[in-house]
Amino acid sequence: MTQIPSFEEIANAHGHRCPGIAIGYKMAKAAAEWAGEEKVRVYSTTNRCPLDALRHTFGLTDETVTVEDKGELHFILEKADGSKLFIDEVPGSKIKNEEGDALREKVRAGKASEEETARFNEIQEELLEQAFNTPDEKLFTVKTE
């Protein structure tokens, strides 16, 4: 089976810990089980965090990943023999927090105080734990073709 990096390794490669990278890690584990030792090509309809988990797990390059950012969380992985794995976000399953959403904008704009940044990081860790504790089937579907 494809070697699955640790969550910390994937989060470090991504640049931060967040619920999106946690969900991506869970998706990458399911995809690696399906892929076995085979190389895959990936089509993605998002540039969101979960894609980074797939990139890092499978060593994807510009030649092996195609992104058409439609704001949806949908991936198609394809093996050389043409078999495909479809991973789709369950509608309405996005893990979020209104306070965290408001703070994210301030943090990204560099306008958050130390306290606001600390609170944002707390919320991110809470949401990350929520993502890990939510069963996969409540976050995403996996089907083959």
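As the structure is a computational prediction, the values presented were derived from the model and not from experiment.
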Worksheet item: What are the two closest non-hydrogen atoms of Cys18 and His14, and how far apart are they?
Response: SG-NE2, 3.9 Å

Worksheet entry | 4.5 Å side-chain heavy-atom contact, Ser44 and Glu68 | no

Worksheet item: Do Arg17 and Phe7 touch side chain to side chain, with heavy atoms closer than 4.5 Å?
Response: yes

Worksheet item: Heavy atoms, side chains only, cut-off 4.5 Å: are Ile10 and Asp52 in contact?
Response: no

Worksheet entry | Carboxylate-amine/guanidinium contact Glu99 Arg119, below 4.0 Å | yes

Discussion item. Set out, in order, the CA-CA distance, both residues' side-chain angles and the distance that settles side chain to side chain contact (heavy atoms under 4.5 Å, CB included) for Tyr43 and Glu78, then state yes or no.
Written reply: CA-CA 8 Å; Tyr43 169 78; Glu78 184 174 10; over 6 Å; no

Worksheet item: Between Lys94 and Glu89, is a salt bridge (charged side-chain N to carboxylate O under 4.0 Å, His left out) present by the stated rule, with each step listed?
Response: CA-CA 8 Å; Lys94 187 167 167 97; Glu89 180 177 39; over 6 Å; no

Worksheet item: Just by modelled atom types, is the Gly36 backbone N or O under 3.5 Å from a matching donor or acceptor in the Thr2 side chain?
Response: yes

Worksheet item: Does Lys79 count as lying over the ring of Trp34, i.e. NZ or CZ under 6.0 Å from the six-ring centre, within 45 degrees of the axis?
Response: yes

Discussion item. Do Phe86 and Val67 sit in one hydrophobic cluster, given that two such residues count as connected whenever their side-chain heavy atoms are within less than 4.5 Å of each other, even indirectly?
Written reply: no

Item to complete: Take Asp69 and Thr45 through the test side chain to side chain contact (heavy atoms under 4.5 Å, CB included) and record every step on the way to the result.
Response: CA-CA 5 Å; Asp69 198 357; Thr45 59; over 6 Å; no

Worksheet item: Going through the distances and angles, do Thr141 and Glu137 end up as a side chain to side chain contact (heavy atoms under 4.5 Å, CB included)?
Response: CA-CA 6 Å; Thr141 60; Glu137 61 273 8; over 6 Å; no

Discussion item. Just checking Glu114: does its CD atom have more than 12 heavy atoms from other residues, nucleotides or ligands closer to it than 6.0 angstrom?
Written reply: no

Fill in: Main-chain N/O of Ser113 paired to Glu116 side chain as donor or acceptor, under 3.5 Å
yes

Worksheet item: Is a donor on one side and an acceptor on the other found under 3.5 Å between the side chain of Lys26 and the backbone of Ala131?
Response: yes

Practice prompt. Would you check, one step at a time, whether the test side chain to side chain contact (heavy atoms under 4.5 Å, CB included) holds for Leu139 with Ile95?
Written response: CA-CA 9 Å; Leu139 297 172; Ile95 295 176; 3.9 Å; yes

Worksheet item: Looking at side-chain heavy atoms only, is the closest gap between Thr46 and Glu72 below 4.5 Å?
Response: no

Discussion item. Testing the 3.5 Å rule here: is there a donor-acceptor pair between the side chains of Thr61 and Glu63?
Written reply: yes

Worksheet item: Do Pro50 and Phe75 have side-chain heavy atoms sitting under 4.5 Å apart?
Response: yes

Discussion item. For Thr117, is there any backbone N or O sitting under 3.5 Å from a side-chain donor or acceptor partner on Lys106?
Written reply: no

Discussion item. Are Asp88 and Val90 packed together at the side-chain level, in the sense that at least one heavy-atom pair is separated by less than 4.5 angstrom?
Written reply: no

Worksheet item: Does Asp136 reach the side chain of Met27, with side-chain heavy atoms less than 4.5 Å apart?
Response: no

Worksheet item: Does a side-chain heavy-atom distance below 4.5 Å link Val142 with Leu85?
Response: yes

Worksheet item: Counting only N and O atoms by type, is there a donor-acceptor contact under 3.5 Å from the side chain of Thr64 to the main-chain atoms of Leu60?
Response: no

